Amino acid sequence: MTFQKPSHTFTKIHLKALRTKSFHILFSLSFTVFINTLGLAQDLPKTQTPILPKTENDSMRVSVNIDSLLTPTAPIKETDSILQDTIPKKKDFLEAVVNYKAKDYVTLNQRLKQTTLYNEAEVYYQDMEIKAGIIVIDHNKNLVYAGRLKDTAGVYSQAPTFKQGANLVEPDSIIFNTETKKALIFNSRTEQSGGYIIADVTKKENDSVYFINRGKFTTSEDQDDPEFYFLMRKAKIVPNKKVVTGLTNMYIYNVPTPIGLPFAFFPLTKKQTSGILFPTFGQDSRRGYNLQNGGYYFAISDYVDLALYGDYYTNGSYGFRTETNYAVRYKFRGNLGIRYENLINSERGFPDYSKSSIYNIRWSHSQDAKANPSSRFSASVNLGSSKYYQESVNQMNASNFLNNTLSSSVSYSKSFIGEPQVNISLTATHSQNTRTQQIDMTLPTFQGSVSRIFPFAPKVGAKKGIIDNINFQYNINAQNRIRTTDSLFFKPEMFEDARVGVQQSIPLSTNFKVFKYFSVSASSNFQENWTLNTIRKFYDPDENKVLTQDLTGFDSFRTYNFSTSVGTTIYGMFNFEKPGEDTKIKAIRHVMRPSISYNINPAFDEYYDTFDYITANGDLTRAEYSRFEESLYGAPNKNFSSAMGFSLGNNFEAKVRDRDSTKTDPKKVILLNNLNLSTSYNFAGDSLQWSPLRVSGGTQLLDNKMSINFGMTLDPYALDNNNRRVDKFNINNGGSLFRMTSASMNLSYSLSSDSFSGRKEPDQRAIDESVLSGGRADDLFGKSQNFADQRLGDEDRDRSQEENSEFYNFTIPWSLRVAWAVNYSNSARQNEISSNSLMFSGDIDLTPRWTVGVSSGYDFKNQGFTYTQLRFERDLLSWRMNFSWIPFSERSSWNFFIGIKSSLLKDIKYDKQRSPDKRLQ
């Protein structure tokens with residue numbers, strides 16, 4: 001007899017305490033208990049319907065009708081002996097509801113004792129899910145079969161899928177034994193931790209162990225035709241833990257390669273794990289063969305990790321570095337790197353033999369703005385040996401040797417909310433010139449301030465007038481400044497010349513309007529300076545020279561000044577639009593901001609002393625000095641100053657017709673973002689009363705892609721025959737009104753194909769290894785690439801939105817960054833271009849998977865190319881290939897890399913590099 005379910009039905013069956021005499025069906029793969037129930041009815045008399053016994057917790061009897069023609073039997077009486085059965089109850093077979101359905105039918109064949117679910121058969125139980133074209137249960141052999149459907153054309157469809165938790169298996173068919181819980185899976189495909197396992201035959205031993213025969217392991221997205229795979233003759237799989245194999249070798253497009261191992265181990269995990277970082281092999285003409293960037297990665301926790309790297313060279317040189325990243329969401333994040341290299345040059349016994357130790361420390365820390373609005377801690381540290389980037393032979397520093405300065409800053413700030421508000425900050429800074437090896441540090445700088453206080457302002461309403469706007473505040477600055485050299489860095493001697501000082505200031509100011517359009521401001525500033533470092537100068541007749549004696553002890557001086565300014569804003573509009581004409585330029589707006597200021601700085605000659613000395617000619621001469629000359633904040637002003645300053649700011653904008661014809665309003669275009677002129681006149685000066693006229697300006701063009709800034713200095717005074725300024729105007733000396741002493745212009749331009757495609761460009765470019773190593777973010781000095789370390793994540797480009805042909809790329813994405821700088825000098829009639837250079841960096845995708853990049857420049861003064869780097873990258877689907885080449889200069893070298901992109905198999909790679917040649921001195 002056949003029982004057929006209607007199409008697209010869903011059945012829920014609840015079974016309790018079910019025992020049977022004929023057989024017991026276990027359906028651990030979550031196949032329906034409905035099948036088990038029907039199987040029990042086959043051995044019962046057809047004149048009787050099975051009735052489940054009532055238990056103590058049952059509130060009703062449950063009956064299952066096999067045939068609508070069968071009549072139910074009389075209910076069992078309460079005194080039935082079954083109720084007094086002494087056999088303990090077994091644990092319920094089902095712990096949850098079973099849901100199943102089939103699109104066409106569900107049938108029971110009593111003669112063959114088979115149950116069939118046909119067409120889009122589905123079974124759900126707890127976290128297990130089975131879908132197949134057909135599901136058949138053989139009750140005699142205790143086997144369950146799930147397979148595909150075959151149409152009249154011989155095409156298979158609806159392949160089975162078995163999902164339990166996060167594990168998904170997609171085979172052609174499954175045979176499962178309900179007693180032994182073992183299964184045979186044919187042509188299965190499963191994803192494990194980013195890798196795919198494809199096997200002809202898989203034997204399921206239990207819930208956690210699988211055995212496969214001639215399986216393929218790959219990370220290729222194309223599972224039907226993977227570009228590479230590892231053929232595993234025999235393997236054991238523990239899902240989400242490991243794959244252990246016997247003889248294994250790599251196939252590339254089904255072609256066997258000699259790359260193989262007698263046995264292999266593939267870790268499988270979805271968590272961050274520790275592991276070995278395989279090194280890069282190379283050869284250096286100066287230091288022999290080498291291994292670089294090899295080490296171990298420690299996955300300490302979800303908040304912090306640690307990577308240890310090491311370099312070794314056959315001539316005895318070595319190096320190591322540590323890299324750690326840490327982050328706590330909504331609080332802070334940062335990274336720390338420490339690098340050290342012990343380098344040996346030449347061979348022992350040769351005259352050019354030398355040893356050197358170089359190091360570099362980098363630390364970056366940023367706090368989330370939401371973590372604590374009233375306090376903030378940040379750090380940006382890059383310090384170390386001045387010659388680190390120039391002498392390091394690690395490939396990571398190839399493009400950073402052009403750095404001339406190293407700088408650091410670690411700061412903490414705190415605000416105390418109130419009226420008035422108090423702000424304090426503690427900062428440690430570091431500035432290092434890698435050419436002169438001079439280091440300037442502040443350890444630390446303390447700054448405090450009290451917000452403005454308006455003692456005469458009304459409690460309600462706006463502040464109006466000169467009295468209401470009177471305000472003052474309090475500022476304090478304390479520093480411990482150190483100036484040392486690279487050789488004394490981190491040694492006790494670096495603190496011998498430290499300068500300590502405290503500067504306190506109380507500025508008093510007010511502002512008001514006169515004649516409605518003029519803004520007037522007046523201010524006075526009082527300063528008090530404390531210092532622990534003063535000097536005393538005296539003449540030593542025995543040595544016949546002037547000596548300077550350093551004194552330690554508290555000393556102080558006080559200064560004050562006064563200033564006032566008057567300014568206004570003038571708007572001008574030049575209309576070009578005529579009635580009845582549609583002109584391109586509608587109007588030009590000119591905004592002028594003239595300002596006149598007056599400053600008085602008294603003379604504080606009471607802080608100056610004198611001493612007598614004898615010159616080389618035997619004359620007695622008196623000299624004047626201040627004991628605060630070498631203090632932290634310098635000496636107070638000796639000469640009285642009464643100067644008037646003039647400044648004029650300009651801004652030019654144009655209104656033009658918008659290209660979009662649907663828009664009626666004109667478009668605003670900035671012609672000159674700013675054009676500033678400033679000079680001053682000193683009434684108290686005996687000569688050279690006019691200061692040079694300084695002109696500066698800047699603008700942005702091409703939708704703010706191009707930035708242009710320029711400046712010049714114009715001196716009204718002439719030069720004598722010794723090129724010294726004299727109190728004579730240049731125009732009265734036969735020259736022009738002004739003499740240009742210096743000028744500069746710099747231009748930066750950033751453009752990409754996204755600028756013309758209408759797509760939104762990213763707000764910030766991804767920070768690459770160059771920045772983390774202390775380089776530039778714009779790649780103008782080239783890129784530092786560590787191909788061996790991809791632990792921070794795969795960098796495969798998302799091409800899901802690309803519709804280009806594999807062989808023809810009609811969009812051709814590209815990017816270009818250009819920087820040009822020119823400087824002119826004429827302070828002593830040299831009349832020369834002191835520097836004129838152009839730097840550029842760009843990348844272009846010739847095809848969807850070929851990328852070419854270049855970073856270079858040209859020095860127009862010295863007529864030669866600057867540091868140049870060529871980059872080639874090929875996206876090989878699951879692989880990446882990179883070639884970086886520095887074609888000329890003293891650091892000419894190249895680096896080749898090819899390896900798998902997936903972090904699971906990133907250590908399967910080949911790289912080769914050629915270091916710069918040794919040069920004879």
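Residue indices begin at 1 and follow the sequence shown. A quick note: this is a predicted structure, and the numbers were derived from the prediction, not measured.
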[X] (side chain) donor-acceptor with [Y] (main chain) under 3.5 angstrom:
{"X": "S378", "Y": "S366", "value": "no"}
{"X": "N826", "Y": "M740", "value": "yes"}
{"X": "Q432", "Y": "L406", "value": "no"}
{"X": "S385", "Y": "Y359", "value": "yes"}
{"X": "Q830", "Y": "A828", "value": "yes"}
{"X": "N650", "Y": "L675", "value": "yes"}
{"X": "D305", "Y": "N325", "value": "yes"}
{"X": "D440", "Y": "S431", "value": "no"}
{"X": "D875", "Y": "W850", "value": "no"}
{"X": "R829", "Y": "L719", "value": "yes"}

Please name the pair of heavy atoms, one in [X] and one in [Y], separated by the smallest distance, quoted to 0.1 Å.
{"X": "Q437", "Y": "K387", "result": "NE2-CE, 3.4 Å"}
{"X": "D843", "Y": "G853", "result": "OD1-CA, 3.4 Å"}
{"X": "T866", "Y": "F888", "result": "O-CE1, 3.8 Å"}
{"X": "I588", "Y": "I585", "result": "CG1-CG2, 4.3 Å"}
{"X": "R435", "Y": "N433", "result": "N-OD1, 2.8 Å"}
{"X": "Y309", "Y": "E323", "result": "CE1-CG, 3.8 Å"}

Roughly how far, to the nearest 0.5 Å, is the [atom2] atom of [Y] from the [atom1] atom of [X]?
{"X": "I898", "Y": "W879", "atom1": "CD1", "atom2": "CH2", "result": "6.0 Å"}
{"X": "S407", "Y": "H430", "atom1": "OG", "atom2": "NE2", "result": "8.0 Å"}
{"X": "N882", "Y": "F896", "atom1": "CG", "atom2": "CZ", "result": "9.0 Å"}
{"X": "L383", "Y": "I439", "atom1": "CG", "atom2": "CD1", "result": "8.0 Å"}

Are side-chain N/O atoms of [X] and [Y] paired as donor and acceptor at under 3.5 Å?
{"X": "T851", "Y": "D845", "value": "yes"}
{"X": "T868", "Y": "S856", "value": "yes"}
{"X": "N831", "Y": "Y824", "value": "yes"}
{"X": "Y318", "Y": "D311", "value": "no"}
{"X": "T442", "Y": "T429", "value": "yes"}
{"X": "S357", "Y": "Y340", "value": "yes"}
{"X": "S835", "Y": "N823", "value": "yes"}
{"X": "D222", "Y": "S220", "value": "no"}
{"X": "S855", "Y": "R871", "value": "yes"}
{"X": "R817", "Y": "S841", "value": "yes"}
{"X": "R321", "Y": "N293", "value": "yes"}

Would you mind telling me which of E341, Q292, R287 makes a side-chain hydrogen bond (donor to acceptor under 3.5 Å, both in side chains) with Y313?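 Of E341, Q292, R287, side-chain hydrogen bond (donor to acceptor under 3.5 Å, both in side chains) with Y313 is met by Q292 alone.
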Among K901, E227, E221, find the residue that satisfies the side-chain hydrogen bond (donor to acceptor under 3.5 Å, both in side chains) test when tested with S878.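 When side-chain hydrogen bond (donor to acceptor under 3.5 Å, both in side chains) is applied between S878 and each of K901, E227, E221, only E227 qualifies.
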Can you name the one residue among F840, Y749, F860, Y858 that meets side chain to side chain contact (heavy atoms under 4.5 Å, CB included) with W820?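 So the option named by the test is F860.
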Hey, would you say the H590 and F574 ring centroids sit under 6.0 Å apart?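 No, the ring centres sit 6.0 Å or more apart.
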